[in-house]
Amino acid sequence: MEYDFRKIEREWQEKWQSDKVYRVSNESDKPKYYVLDMFPYPSGAGLHVGHPLGYIASDIYSRYKRLKGFNVLHPMGFDSFGLPAEQYAIETGQHPAETTQKNIATFKAQLDKIGFCYDWDREVRTSDASYYKWTQWIFLQLFNSYFCNTEKKARPISVLVKKYETRGAMPKIGDPISGKHFTADEWNGFSKQRQEEILMNRRLAFSKYGEVNWCEALGTVLANDEVVNGVSERGGHPVEKKKMRQWYLRITSYADRLLEGLETVDFSDSMKEMQKNWIGKSQGAEMDFAIKGKDKKLKVYTTRPDTIFGVDFMVVAPEHELVTAITSAEQKDAIEKYLKYVKSRSERERLAEAKTITGCFTGAYAINPFDGKEIPIWIAEYVLAGYGTGAIMAVPCGDDRDFKFAQHFNIPITNIIGEYFNGEEANATKEATLQNSGFLNGLLMKDAIGVAVDKIEDMGIGIRKVNYRMRDAGFSRQRYWGEPFPIIWSDGIAIPLDADELPLELPHVDKYGPGPEGEGPLANIIDWINLPGGRRETSTMPGYAGSSWYFLRYMDPHNAATFCDRKASDYWNQVDLYIGGTEHAVGHLLYSRLWTKVLFDLGHIGYEEPFKKLVNQGMITGSSRFVYTLNPVFGYNPFEKDQYPDFSFPTVYVSKKYFDNYENNQVEVREKLEFIFKTEYQVPFEFSYNFITGPISIHVDVNVVDGVELDINAFKSKQGNKNSVFVTEDDGKYICGVETEKMSKSKYNTVNPDELCNKFGADTFRMYEMFLGPIEQSKPWDTKGIEGVHRFLRKLWRLFFDDVKGKVWTDSKASDAELKVLHKTIKKIEEDTERFSFNTAVSTFMICVNELADIKCHKKEVLENLLILLTPYAPHIAEELWSQLGNEGTILDATYPSFNPALLVESSKEYPVSINGKVRTNINLSLDLQQADVEKIIGENEIVQKWLEGKAPRKVIYVKNKMINVVV
RNA sequence: GCCCAUGUGGCGGAAUUGGUAGACGCAGCAGACUCAAAAUCUGCCAUUCGCAAGGGUGUGAAGGUUCGAUUCCUUUCGUGGGCACCA
């Protein structure tokens with residue numbers, strides 16, 4: 001009986017589905033375990049082999065945990081709102097709902113083919129009204145909450161209103177608009193608009209006019225993490241700053257808690273580092289400098305107050321509000337000119353030319369409060385208006401940018417760090433002892449920081465201050481294919497819908513073009529936006545809205561009364577294992593952590609970190625192949641037309657060797673071409689070096705290349721033209737070039753998992769993906785090695801069935817040697833699986849099967865247990881053989897074999913004995929020996945004596961179970 | 001520029017706590033079976049000297065700690081990723 005993987009896999013997949021073996025209950029006596037994949041955006045391109053890597057890993061771990069006796073939740077769904085579907089709609093007119101539907105069907109079919117154990121009954125789609133109803137509901141929770149700065153948590157906005165009505169605003173916070181605090185009486189006297197405006201400044205989801213990243217080409221606003229190097233992450237379109245009314249999430253309030261939460265979760269160091277960098281917390285001081293001859297103060301932010309005596313100039317951002325007020329009459333023209341120049345530059349130019357130093361002196365001077373020194377105030381682009389106070393004190397001896405600026409404009413530099421500053425470049429050390437620094441003289445810089453801040457606070461000219469780089473997250477998009485905001489604008493007041501009015505369904509549109517004045521497509525639907533009491537919000541929520549809480553919906557996917565029943569979220573609790581790529585480090589992962597914290601603060605769920613452990617699968621890069629063409633210069637035909645009227649010059653492909661060193665190989669290429677033309681085309685070939693343009697590399701479909709050797713016939717029919725000539729290497733092979741690149745259709749380096757499943761089976765595919773290398777490492781795809789894994793499964797099959805004899809397994813009792821092989825494997829597989837070392841686990845299986853084949857072990861007792869171990873990795877073949885052995889039901893309900901250490905214990909062992917690091921002999925020793933016994937035996941051993949040449953061993957190192965080293 | 005990874009045969013990679021480096025697989029070479037092919041099986045496979053036994057050298061490079069380093073430390077180079085005027 002043969003290993004007919006196609007039949008086996010089809011039948012078992014059908015059976016799993018019809019028997020609903022993967023259905024998960026929220027009630028169980030077993031301990032729970034939640035395994036989650038980052039759900040995909042269902043793009044039109046379908047899956048390539050890079051996508052399933054993480055899914056296979058999570059599937060293996062889920063099945064393993066289930067076998068280990070856990071109630072495992074392992075769901076899947078689709079992040080189905082988003083830009084590409086809408087772009088596609090604009091191009092083709094197809095409704096995004098339709099294309100999304102179609103793409104999801106393709107994705108599901110592809111996923112099912114690989115044999116994942118998803119409970120599809122729990123599938124969620126972010127674009128379903130039954131789902132986004134709750135996305136809207138959570139948005140309203142955010143809208144109706146504020147961040148209480150004393151309790152450091154979210155509370156209902158009604159609590160704040162009550163406070164205002166009874167006590168007014170606390171002195172430190174006050175009216176965020178005027179900056180003044182107000183009494184209860186004042187509050188009650190404010191107009192409704194004024195009150196709402198004040199409240200809007202505290203809501204966690206709020207609307208304000210602000211500078212946003214506007215992308216003209218996409219016709220929408222983008223979040224900071226969606227802009228990369230001044231262009232949009234998707235499509236690479238230019239992005240500019242624009243003032244618009246937008247929705248935001250007040251993520252900055254949670255900066256500290258997001259930072260602290262990282263200590264409680266198991267993420268990789270690099271992932272934590274990325275999030276920390278993004279939040280960008282810095283501690284320092286904010287202090288006021290008097291301005292000579294004016295009654296205004298200049299407020300600066302610094303992390304290095306210890307360098308206060310090294311301040312040689314001040315720099316304020318060009319947009320700073322004081323600029324016009326402090327500019328002297330003489331400098332007025334220069335400053336205006338500079339401001340004009342700054343305004344003319346796009347964000348992109350600014351970023352691209354970051355190294356060029358520009359700036360302009362305002363003519364004003366600030367006064368150093370400690371020594372009365374007059375400090376010139378400059379404006380320059382390199383100081384950002386949006387960070388800190390938009391003004392800095394420049395210390396050229398300690399800061400690189402300040403140093404370069406001082407040099408460029410010939411500003412004298414004060415050295416306060418002695419020999420640490422060499423005059424050539426700035427030194428940002430904190431280890432120097434301060435000089436020329438008044439009351440700080442003689443102090444180590446790192447100690448002086450605290451001393452300086454204390455003094456500043458004592459003098460009442462400044463305060464300690466923490467700053468964050470992170471900004472509030474933009475939350476609206478001028479787009480169609482997203483969640484509509486459940487908000488109605490009325491007289492400038494945002495009025496939320498009631499919970500029972502949800503979902504606010506996305507209306508149907510005929511056109512996907514933008515609305516008037518930068519509004520989204522929804523603004524075009526007059527009937528929909530205009531209501532008796534006001535006008536609907538026309539923007540929609542961004543892609544990350546739906547994905548910020550989907551892990552909760554899986555727990556209770558069909559609940560129409562609430563987003564997730566508290567009982568369900570208490571039972572499943574945190575995601576125990578989350579698997580996905582690093583690309584979501586600062587987007588999705590930060591936002592979902594924020595949403596979880598807010599829901600926790602408001603008492604809707606019982607934990608504030610959504611993901612306990614995160615594993616980032618590495619990217620599978622494509623291994624592109626290249627062919628090299630030699631082309632005749634356009635229009636040139638080297639043959640006499642009259643003689644050969646039908647002949648057109650073929651495309652010439654040269655093998656890699658000739659591309660690498662074309663100059664030196666021209667003659668050889670010419671000879672080979674001449675020969676080919678004479679023999680195959682029967683045409684004379686008068687070659688001129690000049691008519692050919694040198695080899696050009698072009699991508700060739702990896703599927704027509706075997707390793708690096710081109711399958712010429714397949715290439716001709718698939719990509720090239722029939723009339724092509726191949727200049728091969730001397731052995732007749734055409735060798736392609738190789739380069740590792742990101743997998744993409746345009747590079748012809750994608751490999752479709754369906755094809756591999758058809759050719760080798762899903763089990764082979766799953767194991768091979770794991771076998772490629774460590775899960776977290778990115779690695780190039782190479783189809784070639786898949787044969788080896790396939791061979792292993794066939795070999796496993798032959799332990800059960802012989803092609804001729806049929807079934808070969810027996811019921812007889814297993815020998816010690818056979819059990820030893822099994823238990824060695826049990827131990828190793830368990831260790832490997834637990835530490836996500838799936839590649840070594842596959843190796844372990846191969847070794848086990850090889851050993852069992854070597855000792856001709858066909859004992860049911862051994863094989864049955866091996867199958868259970870194998871189930872997570874290759875579920876189809878395991879199920880089939882399990883049932884062939886006469887077992888009922890799914891193997892997933894079998895008992896995971898436990899490792900019996902007694903079987904592996906030996907009484908004695910051959911130890912290698914090395915003398916000064918070189919292995920000289922082997923010695924058989926019993927395992928219960930102690931260090932002293934070994935020393936004695938070694939001292940008496942004849943061979944060792946011989947190698948020691950009469951000297952006594954200085955030291956005997958006995959590493960239990962490993963080796964003995966004798967040192968002379 | 002700063003931060004974080006990472007570097008091992010022709011290739012993917014293994015070595016879990018400092019203990020015989022190169023497991024397992026691919027590719028390659030030789031052989032068995034076969035009319036032949038496929039499939040399967042056996043042996044070889046870091047490098048160098050040697051007929052062999054055996055020896056030298058080897059984990060990007062240079063140092064260091066140690067009886068012993070792919071593993072720890074310092075310096076340096078290459079690759080990948082993140083951040084980038086954040087004061």
Side-chain angles (χ1 to χ4, degrees), chain A residues 2 229 268-278 280-282 284 300-304 307 315 350-351 353-357 380-384 386-395 398-402 404-405 428 467-471 582-583 585-586 616 618-619 621 623 707-708 738 740 768 771-774 776-789 791-792 794-795 798 803 828 831-832 834-835 837 839-847 850 853 911-919 922 953-968:
Chain A
E2 257 183 48
N229 291 329
S268 71
D269 288 345
S270 62
M271 173 61 63
K272 287 185 180 180
E273 200 65 31
M274 272 190 249
Q275 295 210 353
K276 279 182 197 161
N277 285 342
W278 187 260
K281 181 175 183 171
S282 69
V300 303
Y301 176 72
T302 180
T303 55
R304 296 296 299 276
T307 61
V315 189
R350 252 186 92 159
L351 285 167
E353 298 159 26
K355 295 284 175 286
T356 20
I357 297 161
E381 272 187 296
Y382 84 89
V383 172
L384 304 176
Y387 183 78
T389 61
I392 62 153
M393 53 182 230
V395 183
D399 184 283
D400 194 45
R401 292 154 303 171
D402 299 347
K404 289 194 174 122
F405 193 84
N467 260 325
Y468 301 95
R469 182 157 43 194
M470 183 170 64
R471 303 290 143 80
T582 37
E583 66 272 20
V586 292
N616 295 115
M619 195 171 43
T621 48
S623 183
V708 290
V738 179
T740 301
Y768 183 59
F771 187 63
L772 274 178
E776 302 210 64
Q777 192 175 302
S778 70
K779 55 230 158 211
W781 176 264
D782 177 17
T783 303
K784 236 179 165 179
I786 200 168
E787 297 270 1
V789 176
R791 241 169 257 162
F792 149 74
R794 285 210 304 265
K795 199 164 183 176
R798 287 199 302 274
D803 288 354
K828 191 79 181 12
E831 284 168 0
D832 287 344
E834 287 287 3
R835 67 188 173 108
S837 180
N839 56 329
T840 53
V842 175
S843 294
T844 305
F845 281 121
M846 289 176 171
I847 294 166
N850 282 341
Y911 278 89
V913 180
S914 65
I915 293 159
N916 283 342
K918 278 272 159 244
V919 178
N922 284 313
R954 186 157 66 84
K955 208 167 169 188
V956 175
I957 297 140
Y958 167 57
V959 182
K960 203 162 177 149
N961 281 323
K962 296 271 183 186
M963 63 173 306
I964 296 159
N965 191 14
V966 183
V967 183
V968 185

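In what follows, chains carry the letters A, B, and so on, assigned in the order in which the sequence lines appear, proteins first and then strands, with residues in each chain numbered from 1. The basis for the numbers below is simple: all heavy atoms, side chains too, and nothing from hydrogens, waters or symmetry mates.
Of the P atoms belonging to B:G82 and B:U16, the separation is 30 Å, rounded to the nearest Å. Distance noted for atom C1' between B:C67 and B:G18: 12 Å (whole Å). Taking the C1' atom of each, B:G58 and B:G22 are spaced 11 Å apart, rounded to whole Å. Nucleotides B:A23 and B:G13 place their P atoms 15 Å apart, quoted to the nearest Å. Taking the C1' atoms as reference points, B:U34 lies 39 Å from B:G50, given to the whole Å. Taking the C1' atoms as reference points, B:U65 lies 15 Å from B:U75, given to the whole Å. Taking atom C1' in both B:G81 and B:U71, the straight-line distance is 24 Å, to the nearest Å. B:G10 and B:C83 have their P atoms separated by 36 Å, with the value rounded to a whole Å.
Judged by closest nucleotide on RNA chain B, A:I847 is the one of A:I847 and A:G388 placed further toward the 5' end. Map A:M619 and A:T303 each onto its nearest nucleotide of RNA chain B; the residue landing nearer the 5' end is A:M619.
For the 3.5 Å distance criterion, the side chains of A:T840 and A:S837 qualify, holding a donor opposite an acceptor.
Shown here, B:G12 forms a base pair with B:C24; the pair counts as Watson-Crick or G-U wobble because both key distances fall under 3.5 Å. Nucleotide B:A5 forms a pair with B:U79, judged by Watson-Crick or G-U wobble geometry with both contacts under 3.5 Å. The nucleotide B:A52 finds no pairing partner, because no Watson-Crick or G-U wobble arrangement with both distances shorter than 3.5 Å includes it. Nucleotide B:A32 has B:U40 as its partner under the Watson-Crick or G-U criteria, with both atom distances under 3.5 Å.
Rounded to a whole Å, the CE atom of A:M470 is 15 Å from the C1' atom of B:C83. Taking atom NZ of A:K272 as the reference point, atom C1' of B:G81 lies 19 Å away to the nearest angstrom. Between A:M274 atom CE and B:A5 atom C1' there is a gap of 9 Å when expressed in whole angstrom units.
Listed by chain and residue number, A:V751, A:L756, A:W781, A:I786 satisfy the side-chain contact (heavy atoms from CB on, under 4.5 Å) test with A:T783 (two or more places apart in sequence, or in another chain). Partners of A:F405 by ring pair (Phe, Tyr, Trp, His ring centres under 6.0 Å), not counting sequence neighbours, listed by chain and number: A:F313, A:W378, A:Y382, A:F409. Take A:M271 and apply the side-chain contact (heavy atoms from CB on, under 4.5 Å) test, not counting sequence neighbours, and it matches A:F267, A:S268, A:Q275, A:T582, A:A585, A:L589, A:L614, A:N616. In this structure A:R835 satisfies the salt bridge (charged side-chain N to carboxylate O under 4.0 Å, His left out) test together with A:D832, sequence neighbours excluded. By the salt bridge (charged side-chain N to carboxylate O under 4.0 Å, His left out) test, A:E583 pairs with no residue at all, sequence neighbours left out. With sequence neighbours excluded, the residues forming a side-chain contact (heavy atoms from CB on, under 4.5 Å) with A:N467 are A:S282, A:Y301, A:Y387, A:K465, listed by chain and number. With sequence neighbours excluded, the residues that form a side-chain contact (heavy atoms from CB on, under 4.5 Å) with A:N850 are A:K795.
Proximity of A:I957 to A:V967: side-chain heavy atoms (C-beta onward) are separated by under 4.5 Å at one or more points.
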Produce the list of close N/O pairs, under 3.5 Å, pairing protein atoms with atoms of nucleotides 38-44 of chain B; give distances to one decimal.
{"from": "B:A39", "atom 1": "O3'", "to": "A:R794", "atom 2": "NH2", "distance (Å)": "3.2"}
{"from": "B:U40", "atom 1": "OP1", "to": "A:R794", "atom 2": "NH2", "distance (Å)": "2.6"}
{"from": "B:U40", "atom 1": "O3'", "to": "A:R798", "atom 2": "NH2", "distance (Å)": "3.2"}
{"from": "B:C41", "atom 1": "OP1", "to": "A:R798", "atom 2": "NH2", "distance (Å)": "3.3"}

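Within the 4.0 Å cut-off from OP1 or OP2 of B:A87, at least one side-chain nitrogen or oxygen of A:S282 is found. Applying the 4.0 Å criterion to OP1 and OP2 of B:A87, one finds that A:Y387 has a side-chain N or O inside that range.
The minimum heavy-atom distance between A:A394 and A:V315, with the atom names listed, is CB-CG2, 4.4 Å.
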Once base and sugar-phosphate atoms are separated, protein heavy atoms under 4.0 Å mark nucleotides 13-20 of chain B, 5' to 3', with B, S and - as SSSB--BB
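Glycosidic conformation of B:G9 is syn; the angle stays within 90° of 0.
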